[in-house]
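Values reported hereafter were calculated over all heavy atoms of this structure, with side chains retained and with hydrogens, waters and symmetry mates removed. Chain identifiers are assigned alphabetically (A, B, ...) following the order of the sequence lines, protein sequences preceding nucleic acid strands; residue numbering begins at 1 within each chain.
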Amino acid sequence: MESTSGWIQRTHTCGDLRKTHAGQKVVLNGWVESLRDHGSLRFIDLRDRYGITQVILDVNGPYQQVLPDLRPEYVLSVQGKVRIRPDGMANPRIETGEVELVAEGCQILNPSRTPPFEIAELAAADQNEEIRLKYRYLDLRRRTVQKNIQLRYRVTRAIRNFLESEGFLDLETPFLTRSTPEGARDFLVPSRLQPGNFYALPQSPQLYKQIYMIAGFDRYYQIARCFRDEDLRADRQLEFTQVDIEMAFVKENDVISLVDRLLARVFKEILGKELRLPLPRLSYDEAMSEYGKDAPDVRFDLKLFDLTEAVKGLDYQVLKKAIAGGGSVRGLCLSGGKTLSRKEIDQGEELVKRAGAKGLLWLKLESDGPKGPFAKFLDPEALHRLRAAAQASTGDLILMVADQDRIALTSLGLLRLDLGRRLNLIDPSRSELLWVVDFPLVEWNEEEKRWAACHHPFTSPKEEHEELLSKDPGRIRARAYDIVYNGFELGGGSIRIHRQDVQQALFDVLQITKEEAQQKFGFLLDALSYGAPPHGGIALGLDRFVMLLAGAETIREVIPFPKTASGTCPMTGCPGPVSELQLRELRLRLEPGAGPAPPGGAGELVSK
RNA sequence: GGUGCAUUGGUGUAGCCAGGCAGCAUGCCGGAUUGUCGAUCCGCCGGCACGGGUUCGAUUCCCGUAUGCACCGCCA
């Protein structure tokens, strides 16, 4: 194509050139990755998204007027001839390393200020994150970051290709919607046309995708942005992305096997790994009693055991009290763990205490008998029962928590993970995926003295449990399922309620009043009354998925423009103040004390 | 809302426990250099987040603030 603005466009990218191009005249456009000045000879590594090509400039070349000016990150157009590098000069570290471009022309398309940090591939990897985010456009030039962002694209493409081959339609849903009770805090958007009223940004497209099902679009998907105004974490951002899927005329197995195949496709395409299908399933109760977590990391064993029966009748207060109070004694057995120091055990105790346990009991199975705070209360028979129940042998360490079931299990679940990490029991090269099924439908919220939905208030109870809605909600199991990847909840879904009477009954359990339900979800209840098909679906956390596939520590590494832990963006300085006029148009007034960020904050960073 | 850790030239760090000239690397700037590829060699410039306290003296100790990160609460 003819250039109209005086600069010469590339014929190839910086990742293209090989031996076969030798002798050809080519043009490259790109950034200066590094400069090596040998006086009368100058090497430039020219970079673009496709790779790096070495360019050779001669001090006597027809471009000598630009030579003194060249600096890292300048944007260049280089014309020249491709040459095979002299013997022994090839660079096997780059794909174009067997050739080089001997420059015959070189123009600076744009200079660059000195970057605040190095972009070059081998530059220090642990760059301060705040600076990286402030200059995200530079950070995104770095090879490793580019790889993560491109990986994200390849993952979404694989997902789209798969779902579309399965007949799913990619359908949009509004960003400006209605605030709903339950769930996370909404992001609110004031309405100018309806002063005093607010839109909410969607926490997920949940209700819309159900409406699509009722409307007959029986296979929907969307790579959807979701918004939740809650505190951030390494794996949580204010806005995040879900692979949102919904299907009509399906039961649990249809959704689960679809996602099985979807994941298998992604693992094949991205990691080259074959997943064995169907993925294993664990009931919620099994997951909790064996791993102490509803999203277990099964890359290592170290399962929890119920030791209640084994220690029942022992004259040891801690145990007696817990059992008498309706609780249980749970434990795990660390093979060869007798070498654990007292300090390490104390650290473990700290951990379980933070999870609400009163303490950590331990028993070392030495060859000359058991050692530990309650060893002397153990008669030979009880010791035998305990060893059997914990599948322990001599040299092992049994760690126990005696408490209410939930506390005993969750605290040991945390301890299990901590031990797994600290003792290197986890093989990081493994990818373990599994389904957790048969979740409870609702959970008692002690603070608010009411039942709350475990998944969301549109989740269908198991049919045989429907009658329990009015009698014993805690015993109801839901038609819900979570997919777990290396101990992370990758996604979750359910078969939805498609009958108005059941939906109403669940709202009653959740103490959502008729008025409130009518006001907030009236449209859904109405829709359910016009012939809603049985339907269900799932939402996968794309950010977490890509993070795990990339082997990254935080989802910020796979999100092009993430926010800091306090919800700010060092690059744009958002959130920022708005003008008096904007507020007046919305009929909003700020409280005294609320207002623009103080100087020295993120806003200030940007103005420099 | 809470807890912990951190903040030292442009960037990444040492020094802080045990108070007394702030060191290293890289980048920047200048010079040398014909086969480098994290080029090399020589030289130069540049810094203790902010506010208060203790002290003869604070980068160092104490308190507060700000910012970042991790975690708890929170996230159906």
inquiry  = From the set B:A70, B:G35, B:G73, return the single nucleotide nearest to any side-chain atom of A:A234.
reply    = B:A70

request  = Under a 3.5 Å limit for both distances, which nucleotide forms a Watson-Crick or G-U wobble pair with B:A32, could you say?
outcome  = B:U40

message = Can you identify which nucleotide, out of B:A39, B:U67, B:U11, has its nearest atom closest to the A:E130 side chain?
response = B:U67

ask   = How many Å lie between CD on A:Q203 and P on B:C74, as a whole number?
value = 16 Å

remark   = Regarding the side chain of A:E230, the nearest nucleotide among B:C75, B:G38, B:C69 is B:C75

key: Ring-base stacking, A:H38 with B:G35 (5.5 Å, 30° cut-offs)   = no

task = Run the salt-bridge test on A:E33 and A:R143 with the 4.0 Å N-O cut-off and return the result as yes or no.
result = no

message = Rounded to whole Å, how long is the line connecting atom CD of A:Q237 with atom C1' of B:G68?
response = 14 Å

What pairs of nitrogen or oxygen atoms, one from the protein and one from nucleotides 25-29 of chain B, lie under 3.5 Å apart?
{"from": "B:U26", "atom 1": "O2'", "to": "A:E118", "atom 2": "OE2", "distance (Å)": "2.9"}
{"from": "B:C29", "atom 1": "OP1", "to": "A:R71", "atom 2": "NE", "distance (Å)": "2.8"}

request  = Determine the interatomic distance between C1' on B:A14 and the same-named atom on B:U55; round to the nearest Å.
outcome  = 26 Å

inquiry  = Looking at A:E95 and A:R18, is any side-chain nitrogen of the basic one under 4.0 Å from a carboxylate oxygen of the acidic one?
reply    = yes

ask   = Above 12 or not: heavy atoms from other molecules or residues under 6.0 Å from CD of A:Q146?
value = yes

request  = Determine, for A:D45 against A:R36, whether the closest basic-nitrogen to carboxylate-oxygen distance falls under 4.0 angstrom.
outcome  = yes

Counterpart base for B:C61, defined by Watson-Crick or G-U wobble contacts under 3.5 Å = B:G53

Base-pairing mate for B:A18 - Watson-Crick or G-U, with both contacts under 3.5 Å = none

ask   = Aromatic ring centroids of A:F488 and A:F545 under 6.0 Å?
value = no

query = So what's B:G23 paired with, Watson-Crick or G-U wobble, going by both distances under 3.5 Å?
reply = B:U13

query = Do A:D231 side-chain and B:G73 base share a donor-acceptor contact under 3.5 Å?
reply = yes

ask   = Within the modelled atom types, does a donor on one side and an acceptor on the other bring the side chain of A:R83 and the base of B:G35 under 3.5 Å apart?
value = yes

request  = Taking only the side-chain heavy atoms of A:R85 (C-beta and beyond), determine which of B:G12, B:U34, B:C37 contains the nearest atom.
outcome  = B:C37

message = Distance criterion of 3.5 Å, no angle test: do you see the side chain of A:R233 paired donor-to-acceptor with the base of B:C69?
response = no

request  = Taking only the side-chain heavy atoms of A:E100 (C-beta and beyond), determine which of B:G35, B:C75, B:C69 contains the nearest atom.
outcome  = B:G35

request  = Searching all strands shown, indicate the nucleotide that pairs with B:C74 (Watson-Crick or G-U wobble; both distances under 3.5 Å).
outcome  = none

request  = Taking only the side-chain heavy atoms of A:F43 (C-beta and beyond), determine which of B:C37, B:U36, B:U34 contains the nearest atom.
outcome  = B:U36

key: Flag for A:Q519-A:E515: side-chain donor and acceptor within less than 3.5 Å   = no

request  = Select one nucleotide: of B:U33, B:G68, B:G12, the one nearest the side-chain heavy atoms of A:N128.
outcome  = B:G12

key: A:R42 (side chain) and B:U34 (base): donor-acceptor pair under 3.5 Å   = no

query = Are A:F439 and A:Y481 close enough that their ring centers fall under 6.0 Å?
reply = no

ask   = The side chain of A:F117 lies closest to which of these nucleotides: B:U11, B:A70, B:A39?
value = B:U11

task = Whole angstrom is fine here: how far is it from CG in A:D37 over to P in B:C42?
result = 17 Å

message = Using Watson-Crick or G-U wobble geometry with both distances under 3.5 Å, which nucleotide pairs with B:A66?
response = B:U7

key: Pairwise distance NZ(A:K209) to CZ(A:R496) - rounded to 0.5 angstrom   = 4.5 Å

request  = Report yes or no: is there a donor-acceptor pair, N or O only, under 3.5 Å between the side chain of A:R236 and the base of B:C75?
outcome  = yes

